[in-house]
Each structure stands twice: as C-alpha cells, then as structure tokens.
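Before I ask anything, let me first share the structure, which is written out below as structure tokens.
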2 protein chains.
Amino acid sequence: MTPISEEEVLLLHRYVCEGIADPKRLMLLYYVAERPRNVSELTELLDVAQPTVSHHLRILRERGLVVAERDGTSIFYSLSDPRILQAIEILRAYVADLMTGRASVVNKA
Amino acid sequence: MTPISEEEVLLLHRYVCEGIADPKRLMLLYYVAERPRNVSELTELLDVAQPTVSHHLRILRERGLVVAERDGTSIFYSLSDPRILQAIEILRAYVADLMTGRASVVNKA
DNA sequence: GTGAAGCATCGATATATTTGAATATATAGA
DNA sequence: TCTATATATTCAAATATATCGATGCTTCAC
C-alpha cells in the first residue's frame with residue numbers, strides 16, 4: 001500500500017466519496033450500472049421528486065461517476081467506469097459479513 | 001452483479017459510505033491501516049483539535065470500520081477489515097487515472 | 001488519595017446537504 | 001410557431017455535519 005498524501009485524499013473525497021455518500025446516489029449508481037436509464041425511469045425507481053433526481057445526477061455527473069447522453073428529449077445516464085461499482089461491491093460484501101457476524105472485527109474474539 | 005435492495009443500500013450507506021465521506025476520516029483510515037495508533041498521534045498527524053479527532057474516530061468506531069484497544073491511558077485504533085482499504089484503493093486508482101486522463105469516461109471519445 | 005496524562009463528551013456555532021415546489025430550458029412533432 | 005414532453009435550475013426550508021473550547025472520565029504513578 002503506497003502512502004497517500006493529503007492532496008490525494010482530498011481528490012479521492014471530492015471525486016468519489018462525496019459522490020457515493022448518499023443512499024439515493026448509491027441506488028442511482030446501481031441502476032445505471034445495469035443499463036443506461038433516463039431521468040424519468042430513475043425518478044420512478046427512486047420514488048422521489050424529479051428535481052431531486054436531477055440534483056443527485058448532477059453531483060454524480062460533475063464528479064465523472066456517470067455520463068449523460070441525450071436521445072431526443074430524454075437524457076440517458078450510464079456508469080462511467082466499472083471500477084466504481086467494483087469497489088462498492090467489495091464494501092457491500094464486507095457489510096453483508098458484518099450483518100451476519102462474519103466480518104474480521106467480530107472474529108478477533 | 002447481484003441486484004441490490006434498498007435496505008441493503010441503506011446498510012451500505014450507514015456502515016461504510018457515511019464513514020468514508022469525510023477527508024479527515026479517509027486519512028485516519030490510512031493512518032491506522034499502517035499500524036495501530038493512539039489518539040494523540042492521530043491528532044498530531046491530522047493537525048486538528050483533539051475533540052475533532054475523537055469525533056471522527058467515534059464515527060468510524062460506531063460503524064465498525066476501526067477497532068479501539070486501551071493500553072494504559074492511551075487508546076490505540078486500528079483498521080477492522082482489510083477490505084475497507086482494498087476498496088478505497090480501487091477508487092484511488094480510478095481517481096489517479098481520472099486526473100491523468102486515463103479513466104474510461106475519457107477513453108470513450 | 002492526589003495529580004497528571006490521555007481520551008471522550010457536551011454545547012454552541014458555522015457550514016453543508018437534502019428536498020421539492022416553482023420555473024426555466026431544450027427537443028420533437030404537428 | 002405552438003404544444004407537449006423531458007430534464008435542468010432556482011430558491012427556500014429543513015436537516016445534518018464539522019469544528020473546537022470547556023469539561024468530564026479513566027488510568028497510572030506516587
């Protein structure tokens with residue numbers, strides 16, 4: 001593990017961690033990872049107001065986590081890089097173990 | 001990629017994403033991943049007030065991301081599970097590519 | 001038991017974030 | 001051009017978070 005600098009941590013925070021720091025945005029990432037989806041579809045899936053979805057999509061887009069492509073009046077969003085979900089899936093497995101008492105913190109006893 | 005439920009996303013958010021959503025906490029995770037460190041040392045490393053460090057450590061501790069062990073009057077913190085930094089390192093590599101124009105979003109052109 | 005060191009908690013302030021109603025903008029079709 | 005549809009933006013309110021001084025608690029040495 002290469003030591004990390006404070007500047008690198010700030011970039012990591014600004015471009016990724018801040019982006020995945022909301023449950024709605026996590027759901028959005030999973031939804032657009034399956035296939036490109038437009039805002040209307042995402043609004044139905046998330047069950048929140050459309051401006052709220054646009055707000056979260058903007059945060060994801062500004063950080064480069066998702067990409068937007070217009071098709072007529074619709075705008076389709078998709079995941080920009082598979083590593084984003086790859087990392088989240090590792091954390092998801094960790095949490096799953098945590099919930100079933102299999103995470104390493106529990107095994108230390 | 002197994003579909004994720006809304007409840008699972010909420011757990012993922014509560015136990016991990018919320019925990020790594022602050023640059024100071026990211027630094028703390030990297031510091032305690034090297035070796036167990038006590039609060040005084042972490043306070044010097046982070047260059048913030050001691051209550052601020054304790055606050056962040058509490059957030060990490062409550063989520064199970066770090067574990068605390070007392071030794072005399074000191075309390076040493078360490079990383080609870082290597083997968084946490086493993087995932088963060090993937091995101092770190094992604095951001096590094098993003099900064100040098102090598103991330104997949106750029107390569108789509 | 002007393003004092004000191006190390007850490008946690010409390011309380012207050014400043015700042016940031018989430019949310020949605022209202023509104024603006026952009027595209028397509030008639 | 002006019003209208004409908006889809007999305008973005010603005011604005012305000014509510015909520016959450018970060019920070020640190022003051023203080024409390026625990027442990028150890030004497």
Side-chain angles (χ1 to χ4, degrees), chain A residues 6 9-29 31-32 35-80, chain B residues 6 9-32 35-78 80:
Chain A
E6 195 169 336
V9 159
L10 289 177
L11 290 175
L12 186 55
H13 173 252
R14 172 189 286 279
Y15 282 95
V16 180
C17 296
E18 215 172 52
I20 65 175
D22 181 278
K24 301 272 164 49
R25 290 199 289 272
L26 277 175
M27 279 306 302
L28 285 174
L29 288 176
Y31 282 138
V32 304
R35 55 187 163 81
R37 303 203 194 241
N38 62 30
V39 180
S40 302
E41 188 179 1
L42 293 170
T43 299
E44 282 192 17
L45 288 167
L46 277 196
D47 195 34
V48 290
Q50 175 262 318
T52 302
V53 176
S54 281
H55 165 73
H56 287 305
L57 287 172
R58 189 229 271 251
I59 289 177
L60 295 175
R61 179 168 25 89
E62 284 178 345
R63 282 154 184 74
L65 295 171
V66 301
V67 289
E69 190 173 8
R70 180 181 284 276
D71 177 12
T73 60
S74 294
I75 295 184
F76 283 80
Y77 283 86
S78 48
L79 192 68
S80 72
Chain B
E6 197 170 334
V9 159
L10 288 177
L11 290 175
L12 185 55
H13 172 252
R14 173 188 285 279
Y15 282 94
V16 181
C17 296
E18 215 173 53
I20 65 175
D22 181 278
K24 300 273 165 48
R25 290 200 289 272
L26 278 175
M27 280 305 302
L28 284 174
L29 288 176
Y30 271 96
Y31 281 138
V32 303
R35 55 184 163 82
R37 303 203 192 241
N38 62 28
V39 179
S40 302
E41 188 179 1
L42 293 171
T43 298
E44 283 192 16
L45 288 168
L46 277 197
D47 195 32
V48 289
Q50 175 264 317
T52 301
V53 175
S54 281
H55 165 73
H56 287 305
L57 286 173
R58 187 228 273 251
I59 289 178
L60 295 175
R61 178 169 24 90
E62 284 178 346
R63 283 155 183 73
L65 296 170
V66 301
V67 289
E69 190 173 9
R70 179 181 284 276
D71 178 11
T73 60
S74 292
I75 295 184
F76 283 80
Y77 283 85
S78 48
S80 73

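Below, chains carry the letters A, B, ... as their sequence lines are ordered, and counting in each starts from 1. Any value given below was found using the heavy atoms of this structure, including those in side chains, with hydrogens, waters and symmetry copies removed.
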Starting from C1' on C:dT19, measure out to CG on A:Leu28 and report it in whole angstrom. 14 Å

Just compare C:dG6, C:dT27, C:dA8 and give me whichever is closest to any side-chain atom of B:Arg61.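 Nearest nucleotide to the side chain: C:dA8.
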
Answer yes or no: is there a donor N or O on one side and an acceptor on the other, between the side chain of A:Arg58 and the main chain of A:Ser54, under 3.5 Å? no

Nearest to the side chain of A:Val39 - C:dT9, D:dA6, D:dA8?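 The closest nucleotide is D:dA8.
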
Over how many whole Å does the gap from B:Arg14 atom CZ to D:dA16 atom C1' extend? 13 Å

Checking A:Arg61 side chain against A:Ala68 main chain: does a donor-acceptor pair fall under 3.5 Å? no

Want to settle it: does B:Asn38 or A:Arg70 sit nearer the 5' end of DNA chain C, counting the closest nucleotide to each?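 First, find each residue's nearest nucleotide; the 5'-ward one identifies B:Asn38.
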
Nearest-Å distance, CG (B:Leu46) to C1' (C:dC7)?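 So the CG-C1' distance, B:Leu46 to C:dC7, works out to 15 Å.
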
Starting from C1' on C:dA5, measure out to CD on B:Glu44 and report it in whole angstrom.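 Spelled out: CD on B:Glu44 to C1' on C:dA5 is 14 Å.
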
With side chain to side chain contact (heavy atoms under 4.5 Å, CB included) as the criterion, how do A:Arg25 and A:Leu29 come out once you've worked through the C-alpha distance, each side chain's angles and the decisive distance to 0.1 Å? CA-CA 6 Å; A:Arg25 290 199 289 272; A:Leu29 288 176; 5.6 Å; no

Within this structure, what is the CG-to-P distance between B:Leu42 and C:dG6, rounded to whole angstrom?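 Interatomic distance, CG of B:Leu42 to P of C:dG6: 14 Å.
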
Atom-pair distance (CZ on A:Arg37; C1' on D:dA6), nearest Å: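 After rounding, the gap between these two atoms is 18 Å.
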
Measure the spacing between CG of A:Leu42 and NE2 of A:His56 and express it to the nearest 0.5 Å.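 Those atoms lie 12.0 Å apart.
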
Write down the distance between CG (B:Asp71) and P (D:dA29), rounded to a whole number of angstrom.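 About 11 Å, once rounded to whole Å.
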
Using modelled atom types and a 3.5 Å cut-off, is there a donor and acceptor pairing between side-chain atoms of A:Arg37 and backbone atoms of A:Tyr77?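 Pair absent, no side-chain N/O of A:Arg37 close to backbone of A:Tyr77.
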
Check whether any side-chain N or O of B:Arg70 sits under 3.5 Å from a backbone N or O of B:Gly72 as a donor-acceptor pair, and report yes or no. yes

A quick test of your reading: do over 12 heavy atoms of other residues, nucleotides or ligands sit less than 6.0 Å from OH of B:Tyr31? yes

Phosphate OP1/OP2 of D:dT7 contacted by A:Ser74 side-chain N/O (<4.0 Å): yes

List the protein contact pattern of nucleotides 17-25 of chain D with one symbol per nucleotide (5' to 3'): B for base contact, S for sugar-phosphate-only contact, - for none; contact means a heavy-atom distance under 4.0 Å. SSBBBB---

Between A:Ser54 and D:dA8, is there a contact of a side-chain N or O with OP1 or OP2 at under 4.0 Å?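 For D:dA8, OP1/OP2 do have a side-chain N/O of A:Ser54 under 4.0 Å.
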
Does a side-chain N or O of A:Tyr77 approach OP1 or OP2 of D:dA6 to a distance below 4.0 Å, or not? no

Roughly how many Å is it from CG in A:Leu57 to P in C:dT19, rounded to a whole number?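 So the two atoms are 13 Å apart, to the nearest Å.
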
